Amino acid sequence: MTTTSTGTAGDAPAEDAPLLDIADLSVSFGRTRSGGAHRVLAGADLAVRAGEIVGIIGETGSGKTTLARATVGLVRADTGRIAFAGRDLTRLRPRELRACRRAGELQYMFQDPLRSQDPDLTVRRIVAEPLAAVRALGRQERAARADEALALVGLEPELFGDRTPGQISGGQRQRVSLARAVVTRPRLLFTDEPVSALDASHRNLVLNLLDRLRRELGLAVVVISHDLGSLAGIADRVAVLYRGRLVEQGPVGEVLERPRHPYTALLTASAPSVRRTHRLLPADLRAPTDREPWPDDVGCVFAPRCRFATPECRTEPSAGPVPDPTEGRAPAHRVACHHAATWRERIPQPAGTAS
Ligand SMILES: Nc1ncnc2c1ncn2[C@@H]1O[C@H](COP(=O)(O)OP(=O)(O)OP(=O)(O)O)[C@@H](O)[C@H]1O
Ligand code: SF4
Ligand SMILES: [Mg+2]
């Protein structure tokens with residue numbers, strides 16, 4: 001399967017309510033050696049409005065895919081609420097959830113297109129698959145919708161429609177995934193690394209397409225990506241995940257160019273395309289160790305790698321992102337750091353310079 005979908009046709013959210021409203025979402029997997037579950041996502045809060053593009057960034061293993069998979073129901077959440085179009089998906093009965101999926105209003109584009117596409121099906125059938133549950137559509141109509149979606153992502157249906165995934169390139173497979181994700185005309189789309197296998201021109205094609213779908217159809221998009229430069233170009237807001245915690249979120253320009261969490265600052269320091277307003281260097285980020293805490297542990301989850309950590313950071317959880325105390329009651333930019341307002345003052349000066 002390339003995509004999965006959830007939807008809530010017919011629900012009317014309160015005016016001005018976010019289309020997707022995730023609150024306090026936690027996910028655990030398996031068992032640790034000590035017998036407890038391994039928590040990989042803790043207390044995540046994220047809201048996405050119609051027509052908005054939200055980026056999710058964070059190093060590998062930070063929980064980005066888990067957040068997306070839990071939202072669309074592919075992974076079971078321990079706790080939390082996932083309201084989509086005004087309805088809590090975590091409280092639906094299995095039958096209701098299946099009906100929601102058939103509506104196809106919430107789609108997820110998988111991170112790995114090769115593993116998620118049936119190698120024996122033609123591209124046209126792969127793209128049309130999510131429409132199978134839409135009873136009002138006949139076979140020909142589904143094929144026509146699939147061709148329309150292929151053309152939308154820049155793949156000529158006559159040329160690619162009858163090929164199998166093994167007969168197209170990695171970048172083309174990624175665009176097939178995107179065509180499949182938008183064929184149901186969803187209201188919200190999760191895309192997991194949508195441009196990672198693409199060259200610059202096709203990356204722009206996909207990013208421009210997402211932007212166009214947002215502008216023309218009001219599609220809301222959550223883009224999971226390591227490509228901060230691409231996100232800077234299309235996202236409205238960005239959320240930063242570190243070891244299962246959302247440590248910072250806010251308007252894209254502010255978060256990427258004026259990060260308030262030391263971890264975000266270090267992530268952006270590794271992205272040459274993002275303008276830097278601090279003197280932290282990638283080398284300031286200590287390598288991860290096996291003894292690093294996961295979110296169940298006491299204190300700030302970033303403390304073992306943070307050069308600004310104080311004793312308070314090791315004992316007081318920085319559950320978050322919490323509102324920045326320097327902003328008003330409903331701040332757009334939120335950060336989970338005890339020293340958000342002061343850590344920059346403690347960046348060591350390069351030799352020979354005065355502050
Ligand atoms: N089904 C699973 N069972 C056990 N552990 C899992 C499972 N899925 C993910 N994990 C673990 O959860 C953590 C988060 O994984 P996830 O795939 O969400 O990370 P990610 O941020 O998407 O990483 P990447 O950037 O590499 O795609 C990792 O430590 C991963 O090994
Ligand atoms: S709370 Fe402390 S350890 Fe955590 S990021 Fe802020 S300064 Fe670093
Ligand atoms: Mg992932």
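Quantities reported herein were computed from a predicted structural model and do not represent experimental measurements. Note that ligands are numbered from 1 as they come in the structure, with each ligand's atoms numbered from 1 the same way.
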Under 3.5 Å, is there a donor-acceptor pair linking the side chains of Asp227 and Ser225? no
Less than 4.0 Å between a side-chain N and a carboxylate O, is that true for Arg81 and Asp21? yes
Which bit of His261 is near ligand 2, meaning a heavy atom under 4.0 Å away: side chain, backbone, both or neither? side chain
Within-cut-off N or O pair, Glu193 and ligand 1, under 3.5 Å: no
Part of Pro262 with heavy atoms under 4.0 Å of ligand 2, whether side chain, backbone, both or neither: side chain
Determine whether the side chain, the backbone, both or neither of Thr60 has a heavy atom under 4.0 Å from any heavy atom of ligand 1. both
Is it true that Gly30 lies under 4.0 Å from ligand 1, counting heavy atoms only? no
Record the part of His226 in heavy-atom contact with ligand 1 below 4.0 Å; permitted values are side chain, backbone, both and neither. side chain
May I ask you to list the atoms of ligand 2 that are less than 4.0 angstrom from any heavy atom of Cys300? 1 (S), 3 (S), 4 (Fe), 5 (S)
Is the Phe302 ring parallel, tilted or perpendicular to the His261 ring (thresholds 30°, 60°)? tilted
Give the atom numbers and elements of ligand 2 that come within less than 4.0 Å of a heavy atom of Cys306. 3 (S), 5 (S), 7 (S), 8 (Fe)
How about Tyr263 and Arg243: does a side-chain donor come under 3.5 Å of a side-chain acceptor? no
Can you confirm, on distance only, whether ligand 1 has an N/O atom lying under 3.5 Å from any N/O atom belonging to Gly58? no
Could you tell me whether ligand 1 has any atom less than 4.0 Å away from a heavy atom of His38? no
Considering only heavy atoms of His339, which atoms of ligand 2 have at least one such atom less than 4.0 Å away? 2 (Fe), 7 (S)
Restricting to heavy atoms, the pick from Lys64, Arg69, Arg243 nearest atom 21 (O) of ligand 1 would be Lys64
Please identify which atoms of ligand 2 are closer than 4.0 Å to at least one heavy atom of Ala303. 3 (S)
Is the distance between the Mg ion (ligand 3) and the nearest N/O/S atom of Thr66 smaller than 2.8 Å? no
With His333 as reference, evaluate Glu248, Gln249, Arg237 under the side-chain hydrogen bond (donor to acceptor under 3.5 Å, both in side chains) test and give the passing residue. Glu248
Strictly by modelled atom types, are Gln117 and Ser177 linked by a side-chain donor-acceptor pair under 3.5 Å? yes
Those atoms of ligand 1 less than 4.0 Å from some heavy atom in Gly63: 14 (C), 18 (O), 19 (O), 20 (P), 21 (O)
For Thr66, counting its heavy atoms only, list the atoms of ligand 1 lying under 4.0 Å from any of them. 14 (C), 15 (O), 16 (P), 18 (O)
Element-labelled atoms of ligand 2 that are located less than 4.0 Å from some non-hydrogen atom of Phe302: 5 (S)
Can you find a heavy atom in the side chain of Asp192 that is under 4.5 Å from one in the side chain of Thr65? yes
Hey, what's the ring geometry for Trp343 with Phe308, parallel, tilted or perpendicular (30° and 60° as the breaks)? tilted
Near Cys313 (heavy-atom distance under 4.0 Å), the atoms of ligand 2 are 1 (S), 2 (Fe), 3 (S), 7 (S)
Can you find a side-chain donor-acceptor pair between Thr310 and His339 that sits under 3.5 Å? yes
Please could you name the atoms of ligand 2 that Ala309 approaches to less than 4.0 Å, counting only its heavy atoms? 3 (S)
Only heavy atoms count here, so choose which of Ile57, Val27, Thr65, Asp192 is nearest to atom 17 (O) of ligand 1. Thr65
For the side chain of Lys64 and the backbone of Glu59, is there at least one donor-acceptor N/O pair under 3.5 Å apart? yes
Please check if any side-chain donor atom of Gln174 sits under 3.5 Å from a side-chain acceptor atom of His202, or the reverse. no
Say whether Ser28 and Asp78, considering side chains only, have a donor N or O and an acceptor N or O under 3.5 Å apart. yes
